[in-house]
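One structure is given below, encoded as structure tokens.
Remember, predicted model here, so these are calculated numbers, not experimental data.
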Amino acid sequence: MATSAPSATGTARPQRTWPMLEIAIGATALILGLAVWAYVSKDKAHDKAKPLPVWLALPKVTSETDDGRVLNIKVNLRLTELEQLKTLQGHANAFKAIVQDLGNEVTPDDMHDPDRITELGRHIKGTVNNYLRSQQVKASIKGVAFDELHLLP
């Protein structure tokens with residue numbers, strides 16, 4: 001520590017050079033801590049507001065393609081709301097028939113092209129939604145996820 005000039009009493013008093021640095025480090029740590037807390041609490045509030053997806057699992061379907069091969073398909077239909085689950089469970093057999101009919105149109109080339117598989121999912125979604133409109137059901141399918149899509153030799 002540096003010493004300053006003697007005071008009126010004749011003793012030298014120590015000069016303090018570190019307090020500003022200590023205050024700056026403390027303030028920086030406090031600001032950083034508050035920023036982390038605000039970021040983490042904002043993410044938790046956002047996650048609570050986000051609804052969980054609702055899925056209707058259809059039973060596994062076996063279709064025969066045009067070339068005589070067997071195609072196993074298992075799909076899950078994403079619903080827009082949880083309240084639609086009970087309503088749409090009553091139509092599961094119709095959905096199964098739709099998936100089976102559309103599976104008949106799949107070719108071996110379709111199975112090797114991700115874009116064609118995505119298109120099959122869109123086609124299933126559109127056909128199911130058209131069926132629901134024709135039955136005057138106030139529900140719709142938001143998406144399709146394939147659990148199994150396997151072409152047997």
Side-chain angles (χ1 to χ4, degrees), residues 1 15-153:
M1 274 200 232
Q15 184 181 17
R16 302 192 76 191
T17 58
W18 290 100
M20 289 306 290
L21 181 60
E22 292 170 346
I23 291 172
I25 290 172
T28 302
L30 180 65
I31 291 171
L32 183 61
L34 288 173
V36 168
W37 174 79
Y39 179 76
V40 169
S41 63
K42 177 187 77 150
D43 283 347
K44 287 181 182 176
H46 178 66
D47 289 344
K48 289 178 185 175
K50 192 181 206 183
L52 295 174
V54 180
W55 296 92
L56 173 62
L58 298 180
K60 185 176 176 181
V61 175
T62 302
S63 296
E64 188 173 331
T65 61
D66 291 336
D67 64 353
R69 297 173 81 180
V70 175
L71 177 68
N72 289 332
I73 307 172
K74 181 162 180 3
V75 297
N76 297 312
L77 304 176
R78 185 171 181 189
L79 311 181
T80 54
E81 297 174 352
L82 180 62
E83 293 78 28
Q84 297 175 346
L85 188 59
K86 281 194 173 197
T87 304
L88 295 182
Q89 282 175 336
H91 296 273
N93 287 334
F95 300 155
K96 182 179 172 183
I98 289 170
V99 171
Q100 188 171 20
D101 288 343
L102 294 176
N104 292 337
E105 301 172 7
V106 174
T107 66
D109 292 336
D110 293 341
M111 297 298 295
H112 300 292
D113 187 359
D115 292 332
R116 290 184 182 174
I117 293 172
T118 303
E119 184 60 35
L120 175 62
R122 278 192 229 122
H123 197 54
I124 291 171
K125 174 186 167 189
T127 306
V128 167
N129 283 333
N130 288 339
Y131 165 79
L132 291 172
R133 277 192 293 280
S134 73
Q135 297 296 312
Q136 299 177 350
V137 177
K138 302 267 190 234
S140 64
I141 302 302
K142 192 173 182 179
V144 175
F146 290 97
D147 235 3
E148 183 179 334
L149 185 62
H150 185 71
L151 186 63
L152 301 175

Take Arg122 and Glu119, measure what salt bridge (Lys or Arg N to Asp or Glu O under 4.0 Å) needs, and give me the verdict at the end.
CA-CA 5 Å; Arg122 278 192 229 122; Glu119 184 60 35; 2.8 Å; yes
Mind listing the closest non-hydrogen atom pair of Lys142 and Lys125 along with its distance?
O-NZ, 3.4 Å
Which atom names give the shortest non-hydrogen contact between Lys96 and Lys60, and what distance separates them?
CE-O, 4.1 Å
Those residues at least two apart in sequence (or on a different chain) that pass side-chain hydrogen bond (donor to acceptor under 3.5 Å, both in side chains) with Asp67 are Thr65
Looking only at side chains, do Asp110 and Thr107 share a donor and an acceptor under 3.5 Å apart?
yes
For Thr62 and Gln100, which heavy atoms make the closest approach, and how far apart are they?
O-NE2, 3.0 Å
How long is the gap from CG on Asn104 to CD on Glu64, to the nearest 0.5 Å?
7.5 Å
Heavy atoms of Leu132 and Ala139 approach each other most closely as CD1-O, 3.6 Å
Between Lys74 (side chain only) and Phe146 (backbone N and O only), is there a donor and an acceptor less than 3.5 Å apart?
no
Stepwise side-chain contact (heavy atoms from CB on, under 4.5 Å) test for Leu88 and Phe95
CA-CA 9 Å; Leu88 295 182; Phe95 300 155; 4.1 Å; yes
Scanning both residues in full, the closest heavy-atom pair of Met111 with Ile117 reads O-CD1, 3.7 Å
How close do Leu58 and Asn76 get, counting heavy atoms only, and between which atoms?
N-OD1, 4.3 Å
